[in-house]
Undergrad: 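One structure is given below, represented as structure tokens, and several questions about it will come after.
These figures come from a predicted structure and were not determined experimentally. Here is the naming used below: chain letters follow the sequence lines, and residue numbers restart at 1 for every chain.
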Amino acid sequence: MPELPEVETLARGLQREVAGRKILSVTLGKTDFIDNPELLESELPGRTIVRVERYGKFLLLRLGAEGTEESALLVHLGMTGLLMPLPVSQPQANHTHVVLLLGDGRELRYVDPRRFGRIAYLAGEVLSAELKRFGEDPLETGLEEFSRRIHGRKARIKALLLDQSVLRGVGNIYADETLWKAKIHPARLGAGLKSLEMKALYVELQKILRKAILLRGSSISDFLDAEGRPGEYQHHHRVYGREGKPCFRCKTKIRRAIIAGRSSSFCPLCQKPPRGRKKTGRSGAKRGGKK
DNA sequence: CTCGATCCCTGGACGC
DNA sequence: TGCGTCCAGGGATCGA
């Protein structure tokens, strides 16, 4: 599940590997996750990938030539997306849905079994409007702004961290890791956080994201960087995927519950639940009746 | 504004 | 070995 650190890792790798390369041709497979597939075919050939950036959980392949408008290929990896330059001779992996033949003879291939990702060619006003939908980058935001965005909200802190219009780039893993480190229960409300808690949240989020970037992200099952290597941060997870295992601080068993609609792992002792919080047993009991 | 429910999609884990 | 079932979850969307 590529979040900010994974996408940053991939963006840096792609910047090294494909920036400056020209796109010669486009071949598409399944296109139900692509905004306007025909735009890729009509707009990309002949263009140069000028620069590769991360924007939240998106990769932004900035394109040159063809008019003066700013334009870019937006790529969201969803849960299982991979984007990698490979030799043409390399057999195509299953679920390869986009292939860009590059001027250096390699192919930039997008592979995504579940197709939870998104790809879009955007230019000009449409591009800038799309980017404005998202909130601040957590690594480029000051405590003031961070605090303002969260403290004014009555939603649960877990929901706010995951909300891409509040902060761009944080996903389930790094939200849970940060809340554990800052000793804040995921069901607490944004407006309910004390200023010391807010500061801890801000500081720990940045520390965790930076450390994760240094270790090239977390590879739970799928993520690989531009050179096909997995990340290493999964070995440093403190709560994610540790349900039932002892808390690294107090040895209490890590719990998992659905909070703000997402699976959330936390320490029930270190991370004090908000007062009046409903017990999890009840809501959990009636989940069988779905479908 | 906030919530839960639903859908999208496939591979992997698990039970029998 | 081979089924069936459940689950993972980011994001869009809809109704309450």
Undergrad: Would you say A:Lys158 and A:Ser264 are linked by a side-chain donor-acceptor pair, where the criterion is simply a distance under 3.5 Å?
TA: yes

Undergrad: Looking at side-chain heavy atoms only, is the closest gap between A:Glu177 and A:Val239 below 4.5 Å?
TA: yes

Undergrad: Using a cut-off of 4.0 Å on non-hydrogen atoms, how would the nucleic acid contact of A:Glu3 be classed: base, sugar-phosphate, or nothing?
TA: nothing

Undergrad: Checking side-chain polar atoms at under 3.5 Å, does A:Arg256 have a donor or acceptor matched by the opposite partner on A:Ser263?
TA: yes

Undergrad: Note down the inter-axis angle between the two ends of the helix from B:dT2-C:dA16 to B:dC16-C:dG2, five pairs each, to the nearest 10°.
TA: 40°

Undergrad: Is A:Glu144 atom CD crowded by more than 12 heavy atoms from other residues, nucleotides or ligands, each under 6.0 Å away?
TA: no

Undergrad: Give the table of side-chain donor-acceptor pairs shorter than 3.5 Å for residues 38-46 of chain A, with sequence neighbours excluded, one pair per line with atom names and distance.
TA:
| unit_1 | atom_1 | unit_2 | atom_2 | d |
| --- | --- | --- | --- | --- |
| A:Ser42 | OG | A:Glu38 | O | 3.2 |
| A:Ser42 | OG | A:Leu39 | O | 3.3 |

Undergrad: As a quick check of understanding, evaluate side chain to side chain contact (heavy atoms under 4.5 Å, CB included) for A:Leu215 and A:Thr9, giving each step before the final call.
TA: CA-CA 9 Å; A:Leu215 293 177; A:Thr9 299; over 6 Å; no

Undergrad: Just the atom pairs and distances: protein N or O near nucleotides 12-14 of chain C's N or O, under 3.5 Å.
TA:
| unit_1 | atom_1 | unit_2 | atom_2 | d |
| --- | --- | --- | --- | --- |
| C:dA12 | OP1 | A:Arg133 | NH2 | 3.0 |

Undergrad: May I ask you to say what A:Thr80 touches in the nucleic acid, namely base, sugar-phosphate or nothing, with a heavy-atom cut-off under 4.0 Å?
TA: nothing

Undergrad: Nearest to the side chain of A:Gln164, which nucleotide is it out of B:dT2, C:dG11, C:dG9?
TA: C:dG11

Undergrad: Under 3.5 Å, is there a donor on one side chain and an acceptor on the other for A:Tyr174 and A:Ser218?
TA: yes

Undergrad: Scan the side chains in residues 111-123 of chain A for donor-acceptor partners under 3.5 Å anywhere in the protein, sequence neighbours excluded, and list what turns up.
TA:
| unit_1 | atom_1 | unit_2 | atom_2 | d |
| --- | --- | --- | --- | --- |
| A:Asp112 | OD1 | A:Thr80 | OG1 | 2.6 |
| A:Asp112 | OD1 | A:Arg114 | N | 3.4 |
| A:Asp112 | OD1 | A:Arg115 | N | 3.1 |
| A:Asp112 | OD2 | A:Tyr110 | OH | 2.7 |
| A:Asp112 | OD2 | A:Gly117 | N | 3.2 |
| A:Arg115 | NE | A:Asp32 | OD1 | 2.8 |
| A:Arg115 | NE | A:Asp32 | OD2 | 3.4 |
| A:Arg115 | NH2 | A:Asp32 | OD2 | 2.9 |
| A:Arg118 | NE | A:Asp35 | OD1 | 3.2 |
| A:Arg118 | NH1 | A:Glu130 | OE2 | 2.8 |
| A:Arg118 | NH2 | A:Asp35 | OD2 | 2.9 |
| A:Tyr121 | OH | A:Arg47 | NH1 | 3.3 |

Undergrad: Using a strict 4.0 Å threshold on nitrogen-to-oxygen distance, state whether A:Arg62 and A:Glu70 make a salt bridge.
TA: yes

Undergrad: Would you check if A:Glu227 and A:Glu17 make a side-chain contact, meaning some heavy-atom pair closer than 4.5 Å?
TA: yes

Undergrad: Restricting both atoms to N or O, compile the protein contacts to nucleotides 10-14 of chain B shorter than 3.5 Å, with distance only.
TA:
| unit_1 | atom_1 | unit_2 | atom_2 | d |
| --- | --- | --- | --- | --- |
| B:dT10 | OP1 | A:Arg115 | NH1 | 3.3 |
| B:dG11 | OP1 | A:His95 | NE2 | 2.7 |

Undergrad: Report which part of the nucleic acid A:Asp32 touches: base, sugar-phosphate, or nothing (heavy-atom distance under 4.0 Å, all strands).
TA: sugar-phosphate

Undergrad: Would you list the pairs meeting side chain to side chain donor-acceptor pair (under 3.5 Å) in which at least one residue belongs to residues 87-104 of chain A, sequence neighbours left out?
TA: A:Arg21-A:Asp104, A:Asp104-A:Arg106

Undergrad: With the side chain of A:Arg153 defined as its heavy atoms from C-beta on, choose the nearest nucleotide among B:dC1, B:dC3, C:dG10.
TA: B:dC1

